[in-house]
Amino acid sequence: MSQADMSPIAAAPNLTEARALSLHIDEELHQEAREYLRAGLQGADNSHRAYMADLRQYLAWCQENSYEPTPLTPVALVEYITFLGRTRSFFTSQRHLASIAKYHRQNNVESPTTNEQFKVFLKGFKLKKTVRQKQAPDFSIKQLRQALDLLPGNSTGIRDRAILLLGFSGAFRRSELAQLDINHLLIDEAGMVIRMARSKTNQFGEIEEKAVSYAQEPDYCPIIAIQQWLDLLNRDQGPLFVRIRKGDRITSQRLSDEWVNLLVQQNLGKSYTAHSLRASFVTIAKANGADDLDVMNQTKHRTTTMIQRYDRRRNIRKHNASGKLGL
């Protein structure tokens with residue numbers, strides 16, 4: 001290599017390339033940072049959809065009543081919550097308040113939800129409204145078996161059997177069932193393990209696992225039902241539960257969580273919801289002697305208080321000691 005090749009002038013192009021690379025990397029970092037900020041502002045997908053729906057209604061009300069949406073005055077907020085209270089429960093109105101507070105934070109203005117007079121109003125609003133949340137009813141094992149026995153033997157019936165049995169035995173939320181992929185499942189002679197990267201109580205991507213055991217009766221075994229469905233899918237990746245078109249044509253289109261809810265109502269009755277799968281799991285498991293830690297390991301609840309709320313044995317008609325007095 002000559003001396004000319006070693007001169008600063010000869011090295012200049014390399015320095016320019018290095019600077020260009022540095023700028024390119026910085027721009028990538030900026031883009032990543034923007035994505036993290038966007039995710040932080042939006043939260044989980046379901047939470048973001050609820051927020052956007054609340055926000056649309058709030059902005060429309062402000063426009064209709066000639067109020068500036070930010071910052072909203074405490075008096076105007078009292079009017080809005082009173083308006084919501086005509087058709088919404090306290091807990092739904094509380095969610096709307098959280099959305100309004102978030103909207104104000106995003107616009108860097110103080111939220112009227114922190115106003116002391118508004119807090120007094122909210123206390124009275126809560127006292128006057130019915131604050132008992134409507135709970136999804138639980139079903140019995142007998143009811144579940146009867147529903148399963150009525151399913152057809154075609155592709156739709158095989159898929160629906162797998163959804164109902166896995167949803168119940170795994171204590172899944174409907175959103176979790178809809179988000180499952182085939183590669184989330186591990187099946188062997190010991191049972192089945194389902195690995196989930198995200199859930200309602202796990203929004204930061206830590207891996208959570210649920211275990212499902214073989215049932216004594218093959219017709220009601222969640223693992224056998226899943227295996228039969230996997231045989232029909234005949235692939236090793238992609239969404240687990242998908243739509244089926246006319247003519248028994250299995251698609252690759254993922255089912256929505258709303259559809260999972262509809263499936264439960266169609267097969268168990270309109271009074272039930274997809275949440276009944278979790279409520280029934282907790283109630284039946286507890287009645288059969290499972291302790292809170294065993295149940296929490298499946299439901300992924302953080303506290304025993306939530307388990308007690310899910311345990312439908314608190315139903316005073318179904319579970320009451322007055323019928324066990326021997327009279």
Side-chain angles (χ1 to χ4, degrees), residues 32 35-36 38-39 42-49 144 148 151 153-215 218-245 248-264 267 274-275 277-278 281 285 294-302:
E32 287 185 42
E35 288 296 317
Y36 293 145
R38 181 190 62 81
Q42 288 187 357
D45 290 341
N46 286 345
S47 299
H48 181 60
R49 283 194 292 270
L144 178 60
L148 293 171
L151 290 174
N154 58 11
S155 299
T156 300
I158 292 173
R159 179 201 61 190
D160 293 353
R161 175 180 293 270
I163 292 174
L164 292 173
L165 281 170
L166 183 61
F168 168 65
S169 61
F172 281 98
R173 298 178 178 89
R174 63 183 185 179
S175 58
E176 294 168 349
L177 284 171
Q179 292 166 8
L180 285 177
D181 289 337
I182 295 173
N183 61 0
H184 292 162
L185 309 181
L186 174 62
I187 301 175
D188 56 27
E189 65 278 1
M192 177 166 59
V193 173
I194 304 99
R195 306 192 78 193
M196 302 185 302
R198 196 173 298 275
S199 67
K200 180 179 178 180
T201 54
N202 169 28
Q203 297 184 8
F204 297 105
E206 297 93 344
I207 296 297
E208 284 184 346
E209 293 184 336
K210 294 191 177 193
V212 173
S213 302
Y214 285 97
D219 287 344
Y220 307 113
C221 177
I223 300 177
I224 292 177
I226 287 293
Q227 287 176 321
Q228 291 173 341
W229 173 239
L230 290 175
D231 289 342
L232 286 180
L233 286 179
N234 194 29
R235 50 185 172 81
D236 56 8
Q237 60 183 353
L240 177 60
F241 296 121
V242 296
R243 295 185 179 277
I244 298 176
R245 302 296 185 191
D248 236 19
R249 292 184 294 111
I250 299 175
T251 73
S252 58
Q253 185 179 0
R254 188 185 300 274
L255 288 179
S256 68
D257 57 354
E258 286 293 337
W259 194 97
V260 173
N261 192 63
L262 182 61
L263 169 66
V264 172
N267 289 278
H275 218 59
L277 298 172
R278 282 168 65 81
F281 170 88
D294 288 339
V295 174
M296 289 168 63
N297 200 35
Q298 192 75 327
T299 63
K300 304 306 178 185
H301 284 121
R302 307 299 186 190

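Computed from heavy atoms alone, side chains included, the values below leave out hydrogens, waters and symmetry copies.
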[X] and [Y]: which non-hydrogen atoms are nearest, and at how many Å?
X: Leu177; Y: Gly167; answer: CD1-CA, 3.8 Å
X: Ser252; Y: Pro239; answer: O-CG, 3.5 Å
X: Ala190; Y: Tyr214; answer: C-CE1, 4.1 Å
X: Arg161; Y: Ala225; answer: CG-CB, 4.0 Å
X: Phe241; Y: Ala162; answer: CE2-CB, 4.0 Å
X: Ser213; Y: Pro222; answer: O-CG, 4.0 Å

*Do we see a donor-acceptor contact under 3.5 Å between the side chains of Arg173 and Gln179?*
no

Measuring only between side-chain heavy atoms, which start at C-beta, is [X] closer than 4.5 Å to [Y]?
X: Trp229; Y: Ile182; answer: no
X: Arg245; Y: Gln253; answer: yes
X: Val212; Y: Ile226; answer: no
X: Asn183; Y: Asp236; answer: no
X: Leu180; Y: Leu166; answer: yes

Rounded to the nearest 0.5 Å, how far does [atom2] of [Y] lie from [atom1] of [X]?
X: Leu148; Y: Leu165; atom1: CG; atom2: CG; answer: 5.0 Å
X: Thr156; Y: Leu263; atom1: OG1; atom2: CG; answer: 10.5 Å
X: Arg159; Y: Arg243; atom1: CZ; atom2: CZ; answer: 8.5 Å
X: His184; Y: Arg195; atom1: NE2; atom2: CZ; answer: 9.5 Å
X: Asp248; Y: Ile244; atom1: CG; atom2: CD1; answer: 6.0 Å
X: Ile158; Y: Ile163; atom1: CD1; atom2: CD1; answer: 12.5 Å

*Could you walk me through whether Leu240 and Asp181 pass the side-chain contact (heavy atoms from CB on, under 4.5 Å) test, one step at a time?*
CA-CA 5 Å; Leu240 177 60; Asp181 289 337; 5.9 Å; no

*Asp257 side-chain N/O to Arg174 backbone N/O, donor-acceptor pair under 3.5 Å*: no

*Report yes or no: does Asp231 contribute a side-chain atom to a donor-acceptor pair with the main-chain N or O of Asn234 at less than 3.5 Å?*
no

*Can you say whether the rings of Phe281 and Phe168 are parallel (under 30°), tilted (30 to 60°) or perpendicular (over 60°)?*
perpendicular

